[in-house]
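Read through the structure below, which is laid out as structure tokens, and then see the notes.
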Amino acid sequence: MEPVYYTVTAVDGDYARMISDAGVENQVAMFLLPEGVDAGSRLVRENFEWSLL
């Protein structure tokens, strides 16, 4: 699976709202994401794993 890059636009309680570089909006539970994620964070999803850039 190719990497997909996201920017977190907001954190709403237990969920992070984000948008991919391709413009696709997504909402992901915070427990699935690396520690330290906040609005403005850049993430990459590759092989079903999230990494903070």
Would [X] end up clustered with [Y] when hydrophobic side chains under 4.5 Å apart are linked, directly or stepwise?
| X | Y | answer |
| --- | --- | --- |
| Val44 | Val37 | no |
| Phe48 | Met18 | no |
| Leu33 | Val4 | yes |

What pairs of residues pass the salt bridge (Lys or Arg N to Asp or Glu O under 4.0 Å) test when at least one of them lies in residues 35-53, not counting sequence neighbours?
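Sorted result for residues 35-53: Asp21-Arg42.
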Minimal non-hydrogen separation, Trp50 against Val28, with atom names
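Reported closest heavy-atom pair: CZ2-CG2, 3.8 Å.
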So among Leu52, Thr9, Thr7, Leu53, which one has a side-chain contact (heavy atoms from CB on, under 4.5 Å) with Ser41?
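One option only clears the test, and that one is Leu52.
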Distance, nearest 0.5 Å, that separates CG of Asn26 from OH of Tyr15:
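Answer rounded to 0.5 Å: 12.0 Å.
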For the OH atom of Tyr5 and the CG atom of Leu43, what is their distance to the nearest 0.5 Å?
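With rounding to 0.5 Å, OH (Tyr5) is 11.5 Å from CG (Leu43).
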Please determine whether the number of non-hydrogen atoms from other residues, nucleotides or ligands lying under 6.0 Å from atom CG of Asp14 exceeds 12.
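No, because the 6.0 Å sphere around CG of Asp14 holds 12 heavy atoms or fewer from other groups.
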